[in-house]
Amino acid sequence: MSFFTRFRGLSAQGRTTAEDHRTTDGAPERIPGDDVAGIRDDGAGGDDRTAKHPVVARVTTVLAGLLVFFALVAPNQVGRLTPGAFVRIPVEALLGVALLLALAARARRVVAAIIGVVLGLLTILKFVDMGFYEALGRSFDPVLDWSLLDDAVGTLGRSTGWFAAVAAA
């Protein structure tokens, strides 16, 4: 459980503070699901999957970070996919992290979800651009090129099969 949500309760002004809930010996009151010295108290039925599978959690986090890095740094042409293209540090990521750190926890979750959707759309657009540069020698125009999607799926279906074309689309 996060440090910021560990101590619950309302003070006189409506804020949560660590001093609001103290035990008789002066220590902060523990909340079910709290992790102290590696001992979990799942009194509320909480499930901490990262404690059970720490390696899987770390590998998943690293893969997600690499996907975000690829979405921000990768060029939109196959010919430009070189190791040198992945050397730069994306300023967009630094600004996104700074924005997320400045927000409150609830707003941070909403903004992170929105950023994730935008990054997903950006990645799809980069892959479509790669295909357009390879086939037509130009970038994908989101307004005018939707009618070409049916022809692209048909061409891909003739070369790889219908199932692969539908899966790629």
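Because the structure is a prediction, the values reported are computed rather than measured.
- In this structure, L100 and A112 approach most closely via the heavy-atom pair CD2-N, 3.9 Å.
- Between atom CZ of residue F70 and atom CG of residue L119 there is a gap of 12.5 Å, rounded to the nearest 0.5 Å.
- Among all heavy-atom pairs drawn from P75 and L81, the shortest one is CD-CD2, 3.7 Å.
- Separation of atoms CZ (F69) and CD1 (I89) is listed at 8.0 Å; rounding is to 0.5 Å.
- Listed by first and then second residue, the side-chain hydrogen bond (donor to acceptor under 3.5 Å, both in side chains) pairs that reach into residues 152-166 are T155-R158, sequence neighbours excluded.
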N/O donor-acceptor pairs under 3.5 Å from side chains in residues 125-132, not counting sequence neighbours:
from, atom 1, to, atom 2, distance (Å)
K126, NZ, A71, O, 2.9
K126, NZ, A74, O, 2.5
D129, OD1, S139, OG, 3.0
D129, OD1, F140, N, 2.8
D129, OD2, N76, ND2, 3.2

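- Between L136 atom CG and D145 atom CG the span is 7.5 Å, to the nearest 0.5 Å.
- Once rounded to the nearest 0.5 Å, the distance linking CZ of R108 with CG of L101 reads 6.5 Å.
- At a threshold of 4.5 Å between side-chain heavy atoms, the hydrophobic network of Ile, Leu, Val, Met, Phe, Trp and Tyr places V73 and V78 in one connected group.
- Around CZ of R88, the count of heavy atoms belonging to other residues, nucleotides or ligands within 6.0 Å exceeds 12.
- Other residues, nucleotides and ligands place more than 12 heavy atoms under 6.0 Å from the CG atom of L94.
- Note on V59 and V68: separate hydrophobic clusters, where clusters join Ile, Leu, Val, Met, Phe, Trp and Tyr whose side-chain heavy atoms are under 4.5 Å apart, directly or indirectly.
- With a 4.5 Å cut-off on side-chain heavy atoms, E92 and L122 do not count as touching.
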